[in-house]
Colleague: 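Let me begin by handing over the structure; questions about it come next.
To find a chain, count down the sequence lines: A is the first, B the second, and so on, and within it residues start at 1.
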Amino acid sequence: MQVNIDKSFPIASSAAAGWAFLQNIPGVAGCMPGAEITETIDDKNYKGKVKTKIGPATMAFNGDIVIKGINADKRELRLIGTGQDTKGTSTAEMDLTAWIVDADGGGCELKGKATVTVNGKAASLGGRMMTQVADQILNQFGQNFINNVITLGGDAEAAEAAKEQLAEQPKELNGLAFAWSVIVGFFKSLFGKKPGDTA
Amino acid sequence: MATTAEDLAREDKLQGLGCSRKRKEDPRFIQGKGTYVDDVKLPGMLFADMVRSPYAHARIKSINKDKALALPGVHAVLTAADLKPLNLHWMPTLAGDVQAVLADEKVHLQYQEVAVVIADDRYIAADAVELVEVEYEPLPVLVDPHKALDDDAPILREDIKDKDNAGQGPRKHPNHIFSWEVGEQEATSRAFDEAEVVVKEEIYYPRVHPSPLETCGCVASFDKVKGSLMVYITSQAPHIVRTVVSMLSGLPESKVRIISPDIGGGFGNKVGIYPGYVTAIVASIVLGRPVKWVEDRMEHLSTTAWARDYYMTGELAADKNGRIKGLRVNVLADHGAFNSHAQPTKWPAGFFSICTGSYDIPVAYVKVDGVYTNKAPGGVAYRCSFRVTEAVYVIERMMDVLAQKLGIDRMELRMRNFVKPEQFPYHTALGWELDSGDYHTALTKVLKAVDYEGLIKEQAEKRSKGELMGIGVTTFTEVVGAGPSRNCDILGVGMFDSAEIRVHPTGSVIARMGTISQGQGHQTTYAQIIASELGIPSDEIQIEEGDTDTAPYGLGTYGSRSTPVGGAATAMAARKIHDKARKIAAHLLEASENDLEWDIDRFKVKGVPGAEKTMKEIAWAAYNRPPEGLEPGLEAVNYYDPPNFTYPFGAYLCVVDIDKYTGEVKVRRFYALDDCGTRINPMIIEGQIHGGLNEGFAVAMGQELPFDAEGNILGNTFMDYFIPTTMETPHWETDYTVTPSPHHPLGAKGVAESPHVGSIPCFTSAVVNAFAHKGVTHMNMPHTSFRVWQKIHELSLDKRE
C-alpha cells in the first residue's frame, strides 16, 4: 500500500530559523507524534522508534533513518525511514523530501513531499484509511514543527505560547482523538476537499 | 409394485430413495455436539503457530529465534533450515510443482509461513511468534499476471528458473507454468473467418475464497513406541492425505492413520495439503508429542486455497439467425507463487473445456496459460467441479453478448442452440460425452413459471420511466463425478470411489465409504440408497466415513463426486449383497433363484402366497445356516470406476431492481430449476441448492481478494470479505425436472455445486441486462453497490430531473 502526500505549512518565522530546525534530525523526528530518535550512529544514520495506540491495539515500529541529502542552497532535506513493527507483521517506509521557502506575506513555509509504503497486516487491515491516517499524522507533525521553529525564531510572546503547546503534546500517538480526526478528515474529503489539501 | 396400504407402509418404513428423510447429522450439529478437529484434545498436546511474512516478495537475510526459545513454555522454533535435513522444507504439489513448507531463503507471498513455533498452549505460541526476529530484503513484486511474462518481470521461482517444465508441459518464461490447449485451432479460426457475426468480450473472474465456517487445522500424534502416526485433519480427501504423508515421511502407509472428523464446510478449500499440516506432523515426530495447528481467519483467507482468478477472452462466431458456428476462449490464469491447484493430474485447467455448455457448437478451441505471481498458491474448485464455474461463466456471458449483438431474445438464442434431447449421448467439440439432458423442457418450464413475457413488458415500461430493472438467465451444464480412471487420477491414484457394507446377523447395517461428508448429509443419503437396495430401514443403517483405518480407500468428496461415484459404489456393493441374499433365500425357501421375486424388503416365491423371506431373516441365516458352498456372512465391498462423468444441468432466471442513485442491486426474484437425474433425498437437494445459490450470490455480489501494488492482500478479514447472512440473502424459488443418467446405477448425477456454478453468471446476466439498453455488454464481478454506481454514473443515469 503506497500513498503520496504533498503538504505545506506556513510558519510565522524566518526561513533561516525554519532551515536551522529542519537540519536538527532528532528534533524533526520528535515532531512526529509518537516518534523519537533512539540512537545517533553518525550525522547521516539514526535509529528510531514510533509507537502508536489505536483502541486496544498498540503498534511499535523500530527502524532506521538515513539522510539522503542536505542542500543548503535550496534549504532542502531528503530522508528515508524504514521500519518493522516489533511483532514482525508489518513494515513501513517513508521517502520524504522537505524544504523551506520564503512566504509571500513574510514568514516562511515548510513544504514536504512524501511517499509512504506500508506492507503486511497494517496494509491489509488499515490500507483503506491510510491516506487519511498519513494526512493526520503529518498535520500533527506540521503543527509541532511550526511550534518548534517559532520557539527558536519567533517573537517572545509567540515563542512562549509555542513552548506551552509543545509541552502539552502527548508523548505517543493518541489513539481515540487521533481516530476521530481521521474520521473527520475522511468526511471532509468527501465534501469537496482533496485529501492532499493542507489544513 | 407397492399397491396395498400394507405395501406402502412397508416402503415408507424403509425411508429409501426419494424420501425427504430428516438429516441424521443435525441432532448433534444443532446441539453443538459435533466433533471437529479443534475439539480434539490429546494428553500432552502442544500447539503450533506460524511466523508469517509481511512482504509479498523478499529475501530472508536472517532468522533469530533466541528470544522466542527463551520464552517459558516454548518447545521448538522450526525454520526451513531445520526441515532441510529431513528433505521436508519443500513438498510436492498435486500439480507436479513443489511448494515451500517454510520459506526457504526467500518469501514468495505475503503471509507465507517463515517459521513455526511449538509451545505448551496457543497463547504462548502466539506470543513467541512475535519474538522471532526475521530480517528481510524486499524484492520487486509481481502482482499483475499480465506482466508476468515480460522480459523485465522479476523472476519469482529461482528454485526452478532453469527448468523448461514445471510439471505440466513446456514453459516459455521463468514465470510461466503451462500452456494448455484443447480443440481445433485452425478449424476454429476458419469458422470465425467465415462467420456472418462475431462477438468478443474480456471477462475477468476475480480471485475468491471458499470460506467455510471452520478454518483448516490438524492434530498430529506420533507414537514413538509403535512408530505410528495418527492425524486428525480437516480434509475432504483423507485417504489421499494418508498416501501423501506416507510418501513424505517414509512411514509405511499402514502405520499412518488419518481421521477426518466432523468438518465445518469444505467447498474445495480442504482438498489440498497445507504447510501447517506438514509442520505439525514433523513437530510431532520430532518431539514425540501430539501437536495441534489450527489457523485463524486471517491466515485462512490469506494463504489456504483461494479459487478462480481467470482472465478470459471469449469469442463466438454465428450466423445471422444466431446459430453458433464456433467458440474460442483464451485464458490467462493467475496461479500464485506455487502451482498447487487441486485438479486431477492431467488437467492443468481442470475441466474448463466444458465451456461449450449446453449448446451444439460444431468447433471450438481453448487455450489456458498459467503464470506465477506473488500471491498465495491455490486455484481450488470452490463449490464446483474443477474450473467448471469459470467455464460456465464464460459461455453463459458470451451467449448473452451474442444475443445482444444480434437483437435476438436471449432465451430464444439458447433454444436455437441447445443440444436436442435426441442428440444424447452428445459428443462436444472439446471431447466430452454429455450423458443425458433435456434443456428445452427445463427452460420452457422456467419461462412459464416466472411469466417471462410479463417481465419483458414490465422491463420496457420501467426503462421508459428511466428505472433500472434487469432479467438474468443461465442454462448451464456442469460436469461432475470425477471420474473415469482412464482420464482422472490424483498422484497416480485413479479417481474411483468405494463402499463397504456389512449386514449384521440381526439385519442392521454398518457401511463405510471412501468419501467424506462436510455437511452434504452422507449419513442420511447413503443409508437411503442401501435401504432401497436391501429392504432394510434407513434408521438401522449406520454410515461411517473419514477414518482411513476403517474405511475403504477412496478419493474423497469434492467436485460433486460423492453421489456419482461413492453413491454408485454404495449401490453396487448393496447389489452384491442382494445377489447373495437371493441365493440364501432360495435355499431357505427351497426354490430356484429364478422363481424368486424381490418385493420391497423380502424375496417371494412367484405365485406361492406366504412363501417369502425378509432381508432380516436372510441376514440371520447368513450367519446361522448358509447354504452349502456359500461363505457365511453378508457383506460386500465395491470399488466403482465410473464409465463416464455425469452432467447435471439447470435453467435459472433472476430479476433485479437497481437503485440508480445508490447502485444497490436488489434481487427481486430468483427461480432455479435443477436437473440432477434421480433424486435421492429431495429435502437435502433443496438444502444444497439453497446453499449453492447463497454462495453464488456471495461471489457475484461481493466476494473478492484484491491486492495492492506491493502484494498486500486487502480482503482477508470478514470486515472486507463478503459472507451473506439472512439479512442479505434473497428468497430462493426452486424447481426440478428429472433426466436420469443412463450410466449411473441409480441414474443420479450430483447436485450440490450446480446452483453455485449456475447462479453466478445469472446474477451478472441480470445486472448487465439492466444496462443492456444503454449498450453495456458485460460488467465484471463483484457487483457491489459502489461498482454498479460507477457504471450508472459513467452512463449519466443518476441525473436528477
Colleague: Evaluate whether atom OH of B:Tyr204 has more than 12 neighbouring non-hydrogen atoms of other residues, nucleotides or ligands under 6.0 angstrom away.
Modeller: yes
Colleague: Less than 4.5 Å to any heavy atom of chain B: does that hold for the side chain of A:Thr89, its backbone, both, or neither?
Modeller: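 The backbone, not the side chain.
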Colleague: Are there residues of residues 99-120 of chain B that reach to under 4.5 Å of chain A by heavy atoms, and which ones?
Modeller: B:Gln110, B:Tyr111
Colleague: For the CD1 atom of B:Ile713 and the NZ atom of A:Lys121, what is their distance to the nearest 0.5 Å?
Modeller: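 Rounded to the nearest 0.5 Å, the CD1-NZ separation comes to 13.0 Å.
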Colleague: Between CG of B:Asn712 and CE of A:Met1, what distance do you get to the nearest 0.5 Å?
Modeller: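 If I round to the nearest 0.5 Å, the distance is 7.0 Å.
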Colleague: Considering only distance and modelled atom types, tabulate donor-acceptor pairs under 3.5 Å from the side chains of residues 96-117 of chain A, sequence neighbours left out.
Modeller:
unit_1   : atom_1 : unit_2 : atom_2 : d
A:Glu109 : OE2    : A:Ser8 : OG     : 3.1
A:Thr115 : OG1    : A:Asn4 : OD1    : 2.9
A:Thr117 : OG1    : A:Gln2 : NE2    : 3.1

Colleague: Chain B contacts: which residues in residues 62-78 of chain A have a non-hydrogen atom closer than 4.5 Å to it?
Modeller: none
Colleague: What pairs with B:Phe47 under ring pair (Phe, Tyr, Trp, His ring centres under 6.0 Å), at least two apart in sequence or on another chain?
Modeller: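 By the ring pair (Phe, Tyr, Trp, His ring centres under 6.0 Å) rule, B:Phe47 matches no residue at all.
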Colleague: Tell me, side chain or backbone of A:Glu93 under 4.5 Å from chain B's heavy atoms, or both, or neither?
Modeller: neither
Colleague: Which one of A:Thr91, A:Thr86, A:Asn119, A:Val118 has the most heavy-atom pairs closer than 4.5 Å to chain B?
Modeller: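 It is A:Asn119.
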Colleague: Out of B:Thr717, B:Asn716, B:Asp720, which residue meets the side chain to side chain contact (heavy atoms under 4.5 Å, CB included) rule with A:Ser124?
Modeller: B:Asn716
Colleague: What distance do A:Asp85 atom CG and B:Glu130 atom CD have between them, rounded to the nearest 0.5 Å?
Modeller: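 Interatomic distance, A:Asp85 CG to B:Glu130 CD, rounded to 0.5 Å: 8.0 Å.
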Colleague: Do other residues, nucleotides or ligands put more than 12 heavy atoms under 6.0 Å from the CZ atom of B:Phe718?
Modeller: yes
Colleague: B:Asp708 and A:Ala123: which non-hydrogen atoms are nearest, and at how many Å?
Modeller: OD2-CB, 4.4 Å
